Each structure stands twice: as structure tokens, then as C-alpha cells.
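Below is one structure, written out as C-alpha cells; comments come after it.
Chain A is the first sequence line, chain B the second, and so forth, proteins listed ahead of strands; every chain is numbered from 1. Bear in mind that the values here come from a model prediction, so they are computed numbers and not experimental data.
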There are 2 protein chains.
Amino acid sequence: MMKQDLPDISSSAFAHNSGTGTLGKVLSVLETVVTSDRPLRFSDILALSGQPRGTLHRQLSHLVEEGLLTQGRDLCYEPGLRLLKFAYRSWSKNQFRTVAAPHLRRLHEETGETVHLGVLRGTEIIYVDKVESRQTVRMESQIGNASPVYCTGLGKAALSVLPPERLADTLSQLTFHRFTANTHLSVASLTRDLDEARLQGYAFDREEHETEIRCVAAPIHDAGFDLVAGISVTGPAYRVTMEQLENWARPVRQVAMAISEDVEIRLGPGR
Amino acid sequence: MMKQDLPDISSSAFAHNSGTGTLGKVLSVLETVVTSDRPLRFSDILALSGQPRGTLHRQLSHLVEEGLLTQGRDLCYEPGLRLLKFAYRSWSKNQFRTVAAPHLRRLHEETGETVHLGVLRGTEIIYVDKVESRQTVRMESQIGNASPVYCTGLGKAALSVLPPERLADTLSQLTFHRFTANTHLSVASLTRDLDEARLQGYAFDREEHETEIRCVAAPIHDAGFDLVAGISVTGPAYRVTMEQLENWARPVRQVAMAISEDVEIRLGPGR
DNA sequence: GAGTCAGTTCCATATTGTGGAACAAGACGG
DNA sequence: CCGTCTTGTTCCACAATATGGAACTGACTC
């Protein structure tokens, strides 16, 4: 019985397995399935989750029964429709996004390039909205997507305003992965970058996440740092030089501050 | 202790409370919060859920801890970012949607009006994709949204192909709500409409959900009826006459059949 | 037809959730 | 200013629920 026969987790993203009891475990399973790139069969999940067969089987059954997962013809588990339903509501009702939306549009008109709005969540930036230059790509783009903090302009902007102890905490949880030649790979090099961003009030992404993609981002946050986010202007390297980005830094920062104020006023003086 | 002191549910959409144990209950809570129109405080949820205070409190805490909900300044609970993250993945990976996408585009080019793709889930149609005439509205539109089966073209198209016993089952679960003067309000009148749709192979929405909005829809399904869905062309009444819809019926139906085939071939011969 | 490997089912056990009640902390309101 | 709601949070004995080892099915291989 004891839980120490699988004393720690060998495999994957199973870390925070505590506090929320049953729910946490089930969500871990859900997350592995949903965030995996390829369809997973029972045994795949079994390996990833490190849970006993019987347990996992019941968890998956429940998830399917609840519509959060679907089990397709090939016995592969896929995200279910109920998730979509949840998502639509979460997005369309998101107050922060609603407040920020007009500002995004303004910034887009000023720069002509793609504008992103992202919120810090743990060690990730979640994209909650964007305005695109041309409607080439649609929703698939970014919304709801999560990127690591350490290689995105938004991420670095957000980190740059965190109170020291929370920053330290976040940094300690990072695991680096090289996306491009410019990706930060250590807390040390990232910290230098953050120091610069903190002084300037904005951060760059110098092709650190994707080659040929650059951006400037500025931080947004509320008084209590309950909400830490950022706004950015992104463009392809061939069209957007670093000089261009430098010029956009000021407007981006101003818009970010405007949003911060709006948040404080319109969602604000409670807490 | 016994659970029979609140023997039935007075308030709201708390019905299927069984089978999945703890998870089901927590998800019910999540759903009430997410689908509510206005922000909910603890007591609001308490009233809606009909659960004991202590229990509900813990459930909400866990949901917050897991990032599925956020508790804002005013103590109101709102959908959390993790939901968005989940959703994005579910959508972008959805195989059915991916397979159908090119067909949607084709149908849009042919008609010039908005094309929707929706999947049947219980008594609802969930919109999983669309191609719009003009990019006036963005994601907020429909994707992930759920509409009742009985008043949408997609819903009726989907119902029209269900095997009799499953249809009966679904019909018995319907509760009608008048959206417009044309909304079906009884199983009888809906059934007549479905019979017609079954014969023709396509269904209309004659301003039954929203006034001034019409559509034609055709059903899509796989061999085992695991997937029942539909595709539709929608337009404003001032621009799209019923004659026009009649003319589009054939192409819509053909595209629907093409998708059905594609599904069978590309996701198919396993099960 | 013995041997894997993937998926499913079972059941005694103990972990986890339950819900009544008591406790804080505001917000009236007289 | 002191009772008195109303709202949110905490506690804890108890019971429902999840757990996980083992045994079972069945398909595919050699």
C-alpha cells in the first residue's frame, strides 16, 4: 500500500503532486494527455504517470466519462469536447483580456506588427490575446498556448518586475531547453538580461525562442503582484530590425503602463 | 452525514452527479463557475451547488490551487488560465477538425458565407471550427461555444442521422427554451422537422435560434456513430434567402459526405 | 500452443473527502 | 457602540472513495 514504492518520479512532468489530493492526480493525467504531441495509448500514459495500472485506468475512465477526454477508435486518448466548452467561456469572460483589448488594438495600429498579451503562470507565459497584422493564421496561432518564461520577451518582461523572493523562487524552478542559438541556458545569463530589462522597463526577444522572430515586451502588473503579465510587439527579423524594436520600446512600455492603470481602476480597488 | 438531507437539487444544472465520484462533483462546481454569466462569490456557488459549506470550500480551494479557477480581488471566482492552456491544445490537436478544415475552406469559397463545423455532445452542439466571410469578429465568435440541438441547423442535421434508440434517448433529455418565434418547443414539432431533414439529407435553421439568422446544415458521422457532427453555411436573412439556402443544400451535403469519408479513411479503420 | 504485451476487472485496505458545527470578520442598523 | 446578521474560513470524527497489487482476458508473435 504505502506510497513509497514509487518514491519519486522518474519520467516526466509529474512534480507538484500534492495538496489537492485526488484532483491533482487526475489533472496531472489530463495534462499529460492534453499536452502530449502525439496521441497516447494506455501504456504510454502509464509510463509517463508512474501510477499503478488499476488506478490509472479508473482515472482515465472517469475523465472520459466526464467528457474531458475521448477514447478514439485506436484506443488513443484525446482531449474531449468539454474542455473546448470550458475554454471558450474562460477566454471570452476573462476580465483582464477585456480591459486590455483596446490597448492592444491601439498598439497594433501604431506598429503594424503582431501584438501579444500574455500572463505569467508559474514558469510559463500563457498567451491570452493577440492582434495580428494580417489574418493569415487564425486561432491556432498562440492563444492559450504556453511558452517558457526564459526565452520570450513577455516572459522576461514579466519576470523583471517580480519581487525578489518570488523571482528567486521562479528561477529555481526553471529547466532550460535550447530553442535557438540565442536561448538563455542558465539562470546567470538570464538574470543579466532581466537586470537590463528592469532598468529599461522593457525586454527583448532576440531570436531566443524561434529564429527569425524578434520582439519587444513590457511588463504589466497589479499592486499586489497577483497579476503579472506583459504586452509585446513581434515581427520577423527580415522586416523588424533591432533598431526598429528600440523605437517601439517606448510606446510598448506606455501601453503596458496604461493597461496596468486600467486594471487597477477597473478591476482594482478591492482585494 | 447521509447524503439524503438534500435529496434532490432545487437550483440548477446539477444532474449527472454520479459515476465519477469526487471528480464529477468538482467538475460540476467548475462548470457552474465557468458557465455563469456574472462573477460568482462563494455564497452564490453555495446556493447553486447545494453542497455543504465545508465541502464546497475545499473543492473551490483545490480548483484554485490547480489553476482552474482564480479568486480575484473581490472574492469572486473566475476561470483560471490553466483552462485556456488545456483548451488551446485540445483545439489545435483535434483530429476531426484538422481533417475537416480544408473542406470548410472549400465550402466557404463556394458560398461566401460563414461556415461552421460542430460536434454533437449530448443535447448540445459544440462548435469546433469555422471560416468567416470577413474577419470582423475573432475567436470570441463561436468556437467552443455550445448551442442546443433543437434550434440549430447543425443540431437538427446531427439528430437526423442518429440511430432511433439513441435519438429517442436524446430527445427525452431535451428541455426547450424559446429563443425566437420560430424555435421548436416540443419533441413533436422537432420530430417532424427531423423527418424532413432525414429525407432530404440536410436541415435548415429558419431563424430558430436568432432572428435574422438562417442556415443550412448537413450531417457528418462515422460508421459507429461515435462521432456525430455537422457542417453548415450561415448568413443574415437580409442577404440569404431561403431559396439561396436551398441552392446551397446540395454542396453543403456533398462536403459533409466528403468529410465523413475522409474521417473514415484517415481516422478510420481501427475502432 | 507457450510466451509477451496491452488492456481490463476485482477487492481488502487506508487515504481522502464529507459535512455539521464552531469560529472569525465584516457589514448593517438601531 | 453594541447586538446581530451575513459571509467566508477552519476543524475533526466519520464514511465514502481512491488505491494498487494481483489475477484475468485476449490479441498478436514466434
Side-chain angles (χ1 to χ4, degrees), chain A residues 1-10 14 16-30 32-33 38-66 68-78 269-271, chain B residues 1-9 14 16-30 33 38-66 68-78 269-271:
Chain A
M1 277 353 164
M2 354 250 65
K3 62 167 53 171
Q4 40 73 279
D5 42 325
L6 274 174
D8 197 45
I9 311 89
S10 41
F14 266 67
H16 68 339
N17 203 4
S18 73
T20 53
T22 305
L23 180 63
K25 296 172 202 162
V26 178
L27 286 179
S28 288
V29 172
L30 180 60
T32 11
V33 175
R38 65 200 173 84
L40 298 177
R41 281 192 327 298
F42 180 84
S43 310
D44 300 321
I45 308 173
L46 183 63
L48 289 169
S49 75
Q51 303 220 40
R53 304 162 91 81
T55 302
L56 181 66
H57 189 260
R58 183 182 30 76
Q59 292 170 330
L60 286 170
S61 307
H62 284 177
L63 285 169
V64 169
E65 202 170 334
E66 286 295 334
L68 301 183
L69 289 180
T70 324
Q71 186 158 210
R73 41 239 115 239
D74 46 0
L75 294 185
C76 280
Y77 290 92
E78 295 173 29
R271 154 128 208 93
Chain B
M1 283 335 163
M2 356 250 66
K3 62 167 54 171
Q4 40 74 281
D5 41 324
L6 274 175
D8 196 46
I9 310 89
F14 265 67
H16 68 342
N17 203 7
S18 73
T20 53
T22 305
L23 181 62
K25 296 173 201 160
V26 178
L27 285 179
S28 287
V29 173
L30 180 61
V33 175
R38 66 202 172 82
L40 297 177
R41 280 189 330 297
F42 180 86
S43 308
D44 300 321
I45 308 174
L46 183 63
L48 288 169
S49 76
Q51 302 220 42
R53 303 165 89 80
T55 303
L56 181 66
H57 190 262
R58 183 181 29 75
Q59 291 170 331
L60 286 170
S61 307
H62 283 177
L63 284 169
V64 169
E65 203 171 331
E66 286 296 334
L68 301 183
L69 290 179
T70 325
Q71 186 157 210
R73 41 240 115 235
D74 45 0
L75 294 185
C76 280
Y77 290 91
E78 294 173 29
R271 157 133 206 88

Taking atom [atom2] of [N] as reference, at what distance in whole Å does atom [atom1] of [X] sit?
X        : N       : atom1 : atom2 : answer
Leu56(B) : dA21(C) : CG    : P     : 18 Å
Leu40(B) : dT7(D)  : CG    : P     : 14 Å
Gln51(A) : dG21(D) : CD    : C1'   : 14 Å
Phe42(B) : dG26(C) : CZ    : C1'   : 16 Å
Ile45(A) : dC5(C)  : CD1   : P     : 20 Å
Leu75(B) : dT7(D)  : CG    : C1'   : 9 Å
Gln71(A) : dG7(C)  : CD    : P     : 9 Å
Gln59(A) : dT16(C) : CD    : P     : 12 Å

Between [N] and [X], is there an OP1 or OP2 to side-chain N/O distance shorter than 4.0 Å?
X        : N       : result
Thr55(A) : dG20(D) : yes
Ser43(B) : dT6(D)  : no
Arg58(A) : dT19(D) : yes
His57(A) : dG7(C)  : no

Heavy-atom closest pair, residues [X] and [Y]:
X        : Y        : result
Leu46(A) : Pro52(A) : CD1-C, 4.2 Å
Gly24(B) : Glu66(A) : CA-OE2, 3.3 Å
Leu40(B) : Val33(B) : CD1-CA, 4.0 Å

Kindly point out which of [options] is positioned nearest to the side chain of [X]?
X        : options                  : answer
Lys25(A) : dG17(C), dT19(D), dG7(C) : dT19(D)
Arg41(A) : dG8(D), dA6(C), dT8(C)   : dA6(C)
Thr22(A) : dT9(D), dG19(C), dA18(D) : dA18(D)

Positive for side chain to side chain contact (heavy atoms under 4.5 Å, CB included) with Leu23(B), one of His62(A), Arg58(A), Gln59(A):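 One option only clears the test, and that one is His62(A).
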Sole residue of Thr70(B), Val64(B), Val29(B) in side chain to side chain contact (heavy atoms under 4.5 Å, CB included) with Tyr77(B):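 Answer after filtering Thr70(B), Val64(B), Val29(B): Val64(B).
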Answer yes or no: side-chain N or O of Arg53(B) and base N or O of dG19(C) forming a donor-acceptor pair under 3.5 Å.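 Answer no: no donor N or O sits under 3.5 Å from an acceptor.
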